[in-house]
Number of protein chains: 2
Amino acid sequence: MARAGLSPDAIVDLALQIIDEEGPTAVTLSAVAGRAGVATPSLYKHVRNLAELNTRVSVRVMDELADRLREVVLGHSGAQALRAFMNAWRGYVVAHPGRYAAMIQASRPELAEAGGRLIDIVLAVLHAYGLEGADAIHATRCLRAAVHGFAVLETEGGFGLPVDLDDSYELLTQMIISGLPKPAQDHADGR
Amino acid sequence: MARAGLSPDAIVDLALQIIDEEGPTAVTLSAVAGRAGVATPSLYKHVRNLAELNTRVSVRVMDELADRLREVVLGHSGAQALRAFMNAWRGYVVAHPGRYAAMIQASRPELAEAGGRLIDIVLAVLHAYGLEGADAIHATRCLRAAVHGFAVLETEGGFGLPVDLDDSYELLTQMIISGLPKPAQDHADGR
DNA sequence: GCCTTAAAGCTAATGACAGTAGCCGTGGAC
DNA sequence: GTCCACGGCTACTGTCATTAGCTTTAAGGC
């Protein structure tokens, strides 16, 4: 038997393929093994169990999302950055609904690190807004709640009515931006 | 064998018991059958399958939540009503995290009706705010996104930091209330 | 008070999964 | 060329959901 050249990362790749093509519920060890051309139990040589695989997938997606956000926020500050952040978040969700859904269903503790990277981006954006300490935490939570809530409802078909979603999201963006405590006016970027 | 006196509703009751005591993932047909004192296949005489049971549970929880919200909103209007609505929503989620989690994971189509009842409450509140048509839809979506996003993050342990959650939610409430398009000034409550 | 019958149980069985135990070939290090 | 750890395999177990088909129960008509 030729070796299949598997690795934890390769397995996560296959899981992501399945997620993109058939949705997150289709990720079973036998489905992954099928794509790998391998018997199911062989996967256990590379991942501890299904839960660990799910966690790895989740981390991968979080990092992918974090990269997009970091990129998009770069070079902007204040409201500009916030708007870019929110648009990029929804953009990712709409482009990869399965991945987003997979991201949010995995056990907490192991995700702290990847989740932290995500939150740090928000904090950086808000920092440029002049928010620090508890104020920044509260603002981060509101931003996350709004953005995540909209994402979940949109991907799960919670918004049924034929009214433009972009407009709704624009209103949400407005609410967040104008609801934030005093921008400390570092006018534009730079020092 | 004495009959167990089962019915779809009785089965939903048992499922809710399990959800409250062991969480939504513990709801299996054998667990329910165990509590009912009945063999697993007997349940199929009352519910079509597990998916249908989950849907029924979801509807039940939605209606329970809708009742609370209706009650709490009654007699208030404008910002007052909005605030009451948001507090009651989070109150329910905190009091019954398992039920809320169970509510949001069930197939879409059959839930339209119960979901509609929930949304109608929001629309009624916003109506008193002077919002109609597309504006009301956009506002409803933002409100739902914020409230639901916060609920999901809170119940799933997404908010790790030791900073007061009540304060964060208060900020979110502020953002929503002050971000809504023009209140039509039904000045204060009363009339 | 009996008889019929449909509803409500039951047992047995299947098929999809996750996960475990233990065997064996392969290929890189030496 | 030899060795051995790694990566793959087969065989098996236990848990679920779900189906088929048999039996019991109790309610209603006579």
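Computed from heavy atoms alone, side chains included, the values below leave out hydrogens, waters and symmetry copies. Letters A, B, ... mirror the listed sequences (proteins, then strands); counts begin at 1.
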| Separation of A:Asn54 atom CG from C:dA18 atom P, in whole Å? | 10 Å
| request: Quickly work out the B:Leu53 CG to D:dC16 P distance and round it to whole Å. | output: 15 Å
| remark: Judged by nearest nucleotide, the residue sitting upstream toward the 5' end of DNA chain D, B:Ala51 or B:Lys45, is B:Ala51
| Would A:Arg141 and B:Asp164 pass as an ion pair if we require N to O under 4.0 Å? | no
| query | Given the rule in the ring pair (Phe, Tyr, Trp, His ring centres under 6.0 Å) test, do A:Tyr169 and A:Phe150 qualify, once you have shown the distances and angles that lead to the verdict? | reply | CA-CA 8 Å; A:Tyr169 198 68; A:Phe150 200 95; 4.9 Å; yes
| task | State whether A:Ser30 places a side-chain N or O below 4.0 Å from either non-bridging phosphate oxygen (OP1 or OP2) of C:dC17. | result | yes
| remark: Taken to the nearest whole Å, OH/A:Tyr44 to C1'/C:dT20 is 9 Å
| Hey, is the side chain of A:Ser42 poking within less than 4.0 Å of OP1 or OP2 on D:dG7, counting only N and O atoms? | no
| Crowding at CD, B:Gln17 (>12 non-hydrogen neighbours, <6.0 Å) | yes
| query | Considering only D:dA11, C:dG9, D:dA17, which nucleotide approaches the side chain of A:Pro41 most closely? | reply | D:dA11
| query | Within the pair B:His46 and C:dA7, is there a side-chain N or O less than 4.0 Å away from OP1 or OP2? | reply | no
| request: State, to 0.1 Å, how close B:Ala26 and B:Ala31 come at their nearest heavy-atom pair, and which atoms those are. | output: O-CB, 3.6 Å
| Atom pair distance, as rounded to whole Å: CG in B:Leu43 and P in D:dA17 | 10 Å
| field | Qualifying residue for side chain to side chain contact (heavy atoms under 4.5 Å, CB included) with B:His46, from B:Leu53, B:Val12, B:Leu6 | value | B:Leu6
| field | Nucleotide C:dG9, atom C1' - distance to CG of B:Leu6 in whole Å | value | 10 Å
| said: What is the distance, to the nearest angstrom, from the CD atom on A:Glu52 to the P atom on C:dA18? | reply: 15 Å
| query | Rounding to a whole Å, what distance do you find between A:Leu29:CG and D:dC9:C1'? | reply | 16 Å
| message | Any base atoms under 4.0 Å from B:Thr40, or only sugar-phosphate, or nothing? Heavy atoms, all strands. | response | base
| query | Roughly, in whole Å, what's the span from CG in A:Leu50 to P in D:dT15? | reply | 18 Å
